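The structure appears right after this line, and notes come after that.
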Amino acid sequence: MLTSKHILLIIGGGIAAYKALDLIRKLRERGASVTPVLTRAGEEFVTPLSVGALAGVAVHRDLFDLNKEAEMGHIQLSRSADLVVVAPATADLMGKMAGGLANDLASTLLLATDTPVLLAPAMNVRMWEHAATVRNRAQLVADGIGFVGPNEGNMACGEYGPGRMAEPLEIVAAIESALADGPLVGRRVLVTSGPTHEPIDPVRYIANRSSGAQGAAIATALAALGAEVVFVTGPAVVAPPDGVAVERVESAREMEAAVKASLPVDAAVFAAAVADWRVKNASMRKLKKTKGGLPVLEFAENPDILAGVAQMGEGRPALVVGFAAETDDVVANATAKRLRKGCDWIVANDVSPETGIMGGQENAVVLISDQGVEEWPRMAKVEVARQLAARIAAALG
Ligand code: C5P
């Protein structure tokens with residue numbers, strides 16, 4: 001999703017600088033080019049050789065480097081990127097930025113740039129909580145600078161608290177959303193995906209064959225159009241996509257709680273294959289095999305998450321999309337389901353084993369709305385996702 005994007009990456013002097021090496025790899029894997037800048041203090045933590053080798057280009061280190069000035073002055077360097085990322089952003093760099101100081105290459109680039117800037121701060125918890133840093137951060141936010149992290153956790157210095165640099169994948173997600181472009185920028189969309197697992201006892205559960213492929217593809221397609229995506233997924237085979245906020249759940253009731261916590265959203269797509277029933281008498285201890293005796297499972301109905309959201313009054317998403325996996329009378333059943341659940345659209349598909357749709361790469365769907373019934377030709381799940389995302393963008397205007 002970062003194909004042909006150009007990132008100017010400033011690596012400040014902190015122990016988290018080692019994560020910047022992985023960040024460079026991850027950015028390049030996604031098609032971005034990275035121009036690295038190392039501060040003097042940064043060089044104490046990672047070497048220009050390793051940074052340059054991973055970036056595939058030489059590292060910029062000096063403000064007064066006549067060779068590089070001849071090739072590309074610092075003004076041009078600061079403006080040639082799509083995004084300037086500072087990782088780790090130290091208290092010192094934040095202070096310089098907030099005060100408008102420019103006494104080395106990094107701070108000069110940051111003052112000279114007219115490109116959006118994203119900071120991934122990393123510092124000791126007391127430094128992060130110091131009044132000066134709090135003041136500087138507020139000033140930088142007011143100046144339009146973006147932030148990712150810091151996270152809370154154990155620090156290299158042995159203390160605990162906020163100050164750990166965001167993980168490379170979190171920084172990549174923040175970069176992707178900072179560079180996002182498209183009709184869904186500024187829109188928040190929920191996608192549920194995958195199966196649910198309903199426990200029988202601590203080791204056994206009831207599941208279904210949903211792979212989560214269609215839901216993951218929809219989340220990817222929505223994010224590619226610029227949406228902020230919340231992806232609530234059961235234990236799926238397909239990994240959640242990059243660039244979306246992932247909430248992992250197991251049971252239907254956990255999924256319902258995660259969905260409620262994600263609201264409000266502009267649109268919600270319920271692609272999960274939620275179990276209709278859970279085991280009412282699920283055991284806290286492993287059920288033992290007893291001679292001649294078989295366990296008797298009693299069932300209780302799970303909450304209908306889609307219907308709950310579709311029928312909420314205030315705070316209802318502008319667009320609620322349900323899925324219907326059917327084996328018989330697909331259109332008739334799905335049409336009735338749309339009305340029963342109160343959702344705006346139903347994406348229905350035939351999951352009879354002979355179609356190979358469940359767990360496969362392709363899907364043949366019917367889109368049912370108040371405008372009628374549209375049969376889409378059989379196509380790759382990613383293509384279904386792209387077309388559905390485009391329709392969602394059009395519907396949200
Ligand atoms: O009722 P049925 O399971 O066929 O409906 C399918 C649609 O309802 C899907 O969009 C699914 O994600 C959603 N659903 C739900 N909660 C349930 C059951 C289904 O959100 N308990």
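For ligands, and for the atoms within them, numbers begin at 1 and follow the listed sequence. Not measured: the values here are computed from a predicted model.
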Donor-acceptor contact present, side-chain Arg278 to main-chain Ala252, <3.5 Å: no
Lys/Arg-Asp/Glu bridge criterion (N-O < 4.0 Å) met for Arg61, Asp104: no
Residue contacts for ligand 1, heavy atom to ligand atom, distance under 4.0 Å: Phe270, Ala272, Val274, Asp276, Pro303, Asp304, Ile305, Leu306, Gly322, Phe323, Lys337, Lys341
salt_bridge(Arg253, Glu256) N-O dist < 4.0 Å: no
Pairs where residues 188-207 contributes a residue and the test ring pair (Phe, Tyr, Trp, His ring centres under 6.0 Å) is met, not counting sequence neighbours: His197-Tyr205
Heavy-atom closest pair, residues Gln311 and Gly342: NE2-N, 4.1 Å
Salt-bridge criterion met for Lys19 and Asp22 (N-O under 4.0 Å): no
